[in-house]
Amino acid sequence: MSEAREQVLGALRRSLRRGDTAGTSATASRLAEHRRNLIPARADLPRAEQVALFETWAVRQAASVVRVSDAAAVPGALAAFLKAENLPAEVRMAPDPELEALPWRDQPMLTVTKGPARDSDAVSLTGALAGIAETGTLLLHSGPAGPTSLNFLPETHVVVLSANRIVASYEDGWDILRARFGEGTLPRTVNYITGPSRTADIEQTIQLGAHGPRRLHIILVGANADAERD
Amino acid sequence: MESSARAFKENARAAVADPQLKRALSHVKEGFIGKRAKAAAKLPEFEVLRDAARDIKNHTLDHLDLYLEHYERKVTETGGQVHWCPTAEDARRAVLEICRAVGARTVTKGKSMIAEEIALNDHLEANGITPVETDLGEYIIQLRGETPSHIIAPAVHLTKDLVEADFRAHHTAFPPERPLSEPRQLVNEAREVLRGKYLAADVGITGANFLVAETGTSVIVTNEGNGDLTQVLPRVHIVVASLEKVVPTLEDVSTILRVLARSATGQECSTYTTFSTGPRRAEDPDGPDQYHVVLLDNGRSSMLGGEFQDMLRCIRCGACMNHCPVYHAIGGHAYGWVYPGPMGAVLTPNLIGIEEAGHLPSASTFCGRCESVCPMRIPLPKMMRHWREREFERHLSPAGARAGLALWAFFAKRPSLYHFVTGMAAPLLAALGRGRFRRLPLAGGWTAHRDMPAPEGRTFRQLWAGRRQGESR
Ligand code: SF4
């Protein structure tokens, strides 16, 4: 195995015509600084407009978004969504302390279980680390509070996102992750998710609901709906 | 994958004559071109981002050994393993060993062109392991025993009636009278069939759109979610990737991502962009226990530092083939190997040899559209010309090889090649425009002063041959 490694690296160095350490300082500083390249100006906006931009793009990419005034309203909003979509009142929830702290008792008809997704789960509920305004994208990551299977296996994925977690760009997302996990390291899985799954593999016509969720529903918390809608 | 690139002429001729293929390929022209143009227009910074993306890759390629070493260090630190593979055979062996070590019987696969390049499915099957493709397009062509005809839309050569027929023939557990003529119904049925496969697989194999040196991460960019199910549910996740996929930082990936989806499908971004780093952590509730990266060279290291280095910037977006009049006319299979279209015409001879793939760099009208849309600004026509010059030198005796000799003379001395090129050019030119051409590639001297009438679709010799067989048009 290490022979193959030397063979490949040796071939690269011969083609590049240099020894094995030249250039190290250039690459080391680039990696350490991880400087931002040009970022589109689109999301460079005041906070409230960023939230609106996030919502606009998420909806354009076929997600649905509902705004609620505070976290206490989430169980009710979820129950209303399930009812409106004719879905069973059962959700598989991420073992996330923030979700666990919500007033589930207010919704006695709703069955909430916790853990990674099972084949039979129709609806999952997760949090999100951030929302990216630029493209209406959710940022989620694996960890004790976030089983990745919940993002892909159930037909419907509901995400609770605080409006104050909406940032402009992917680059802002990386900074948040670095602050949480340290430099040069990531959790096992980081998902940037934009809308429900889709395919255009048959005659280039887009069909929603390929292998991942058919629906992506975002409950946006704390962006006061009525005040900002108009 | 075995190559039929030598038979390009015959392949192309058959493709042009295939009405079903023509119908299927019309979706390429109608769909991709307009969507890309719209997406590019919606982002004012698009052109500047293309420059930035090109510069990132150029810098990376100039330091490729160093970034790969750093990448490997980070993979190892997070509990994963990198398998260095100089050749396709090494890569096949590495994957098989990993599968055997865990007693795997079925593996699910996300879409991977590298897996096609190393002909992984055949190898696994020959060794008693069942590979299941999970990307819808890949799944369809696996049922048909075909190879992808496009690098991002593997089943683009098929119409929905053909898919329906395949599903009826293979999915025998479903009621025979079920309705299945709509894409919606076909997608749902495939979804149902594949669900069980994800859950039953021992190993999940994906490709990688990028490898990130900073964190030891592999990145997949998909719309269906099949790649994610493939890599989260089984116990083992294997990534097969070629070594030029590495970029330095997460910021660098983000920049290139902004031009990737827009160039490929005209989306603002793909539905799922997933970053995987090592196996599941001790406290994670799900995810694979093992994470392997099978890192393939297969001829790429020798492209570095030479006239084909720029090709290693390619991010496999497919824009060059989506905009290529030759691809529109003949589709992907005619190219005879894994990579079709302009990028294939440059890359394939590098990977399997110009002796095998010598026809491909000639499969061009030199209209320049591929380069004008390539997000990585790869000078594809220039590199096709490099190959043609090399071919030219290879065929002439070294003493007789003179740069000043016209291409014309070269073709004129080779009647079969001449007929092929003109035979291809005539239907292409006919398809490109009725009436008259104000400019023609390679004929600037002629069209500077006059318009050339667009050919009717066949050369005189073909018409003559057809007439003699009693065939008329
Ligand atoms: S050569 Fe350019 S346009 Fe073609 S697939 Fe590669 S990056 Fe895309």
Side-chain angles (χ1 to χ4, degrees), chain A residues 1 4-5 7-9 11-13 15-17 20 23-24 26-27 30-31 34-38 40 57 61 95 115-116 119 135 137 142-144 147-149 152-153 170-171 174 184-195 197-205 207 209-212, chain B residues 27 31 43 45 48-49 52 63-67 70 84-86 90 136-137 153 155 159-160 163 183-184 186-187 191 194 199 213-215 217 223-226 228-229 232 248-251 254-255 268-269 271-278 280-281 283-287 297 301-302 304-305:
Chain A
M1 200 33 77
R5 181 181 189 275
Q7 191 182 332
V8 172
L9 287 170
L12 293 174
R13 286 181 184 127
S15 289
L16 291 167
R17 293 175 203 87
D20 50 6
T24 320
T27 57
R30 185 167 179 132
L31 290 166
H34 47 76
R35 214 169 313 154
R36 293 178 170 203
N37 307 301
L38 173 86
W57 278 112
Q61 320 261 24
D119 191 24
T135 46
T137 300
S142 60
T148 301
S149 53
F152 296 98
L153 201 55
Y170 298 84
E171 284 80 350
W174 298 129
T185 172
L186 287 176
R188 150 69 194 171
T189 307
V190 172
N191 294 122
Y192 282 94
I193 299 178
T194 316
S197 86
R198 66 200 64 198
T199 181
D201 271 348
I202 298 175
E203 295 194 350
Q204 309 306 295
T205 19
Q207 304 291 328
H211 300 287
Chain B
H27 298 294
L43 191 69
E45 295 91 345
V48 192
L49 284 168
H63 303 86
L64 191 55
D65 53 332
L66 299 172
Y67 282 119
H70 194 275
W84 298 79
C85 300
D90 296 324
L136 180 59
T159 50
K160 65 179 190 306
V163 180
R184 164 88 273 147
L186 294 165
V187 172
R191 179 186 169 107
L194 284 168
L199 295 156
E214 179 192 356
T215 48
T217 299
N223 280 317
E224 297 186 3
N226 65 303
D228 290 279
L229 289 166
V232 71
T249 65
L250 296 167
E251 277 70 9
S254 306
T255 300
E268 285 289 315
C269 63
T271 305
Y272 302 115
T273 305
T274 300
F275 296 74
S276 305
T277 313
R280 74 194 278 183
R281 309 297 140 82
E283 66 282 11
D284 284 352
D286 58 14
D297 180 346
S301 56
S302 53
L304 214 56

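First the proteins, then the strands, lettered A, B, ... as listed; each starts at 1.
For E203(A), the parts sitting under 4.5 Å from any heavy atom of chain B are the backbone and the side chain alike. Using a 4.5 Å cut-off between heavy atoms, T205(A) contacts chain B through its side chain alone, with no backbone atom that close. Of the atoms belonging to Q61(A), it is side-chain heavy atoms, and not backbone ones, that fall under 4.5 Å from chain B. In this structure, the portion of R35(A) lying under 4.5 Å from any heavy atom of chain B is its backbone and not its side chain. The parts of L250(B) that come within reach of chain A are both its backbone and its side chain, each placing non-hydrogen atoms under 4.5 angstrom from that chain.
Distance check, rounded to the nearest 0.5 Å: CG of L136(B) to CD1 of I202(A) gives 4.5 Å. Here the NE2-CG distance, from H211(A) to N226(B), works out to 5.0 Å after rounding to the nearest 0.5 Å.
Considering only heavy atoms from C-beta on, T194(A) stays 4.5 Å or farther from E268(B) through its side chain. Inter-residue side-chain proximity for T189(A) and V232(B) is flagged as unmet; no heavy-atom pair is nearer than 4.5 Å. At least one side-chain heavy atom of L199(B) sits under 4.5 Å from a side-chain heavy atom of L153(A). L304(B) has its side chain within reach of L12(A): a pair of non-hydrogen atoms, C-beta onward, lies under 4.5 Å apart.
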| request: Give the C-alpha distance, both sets of side-chain angles, the deciding distance and a yes or no for side chain to side chain contact (heavy atoms under 4.5 Å, CB included) between L38(A) and E45(B). | output: CA-CA 8 Å; L38(A) 173 86; E45(B) 295 91 345; 3.8 Å; yes
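Between the side chain of S15(A) and the backbone N or O of S301(B) there is at least one donor-acceptor pair closer than 3.5 Å. Put simply, the side chain of D286(B) gets close to the backbone of S149(A): a donor and an acceptor are under 3.5 Å apart.
Under the side chain to side chain donor-acceptor pair (under 3.5 Å) criterion, S197(A) pairs with no residue at all, not counting sequence neighbours. By the side-chain contact (heavy atoms from CB on, under 4.5 Å) test, S254(B) is found to be paired with Y170(A), E171(A), W174(A), R258(B), residues two or more places apart in sequence or in another chain being considered.
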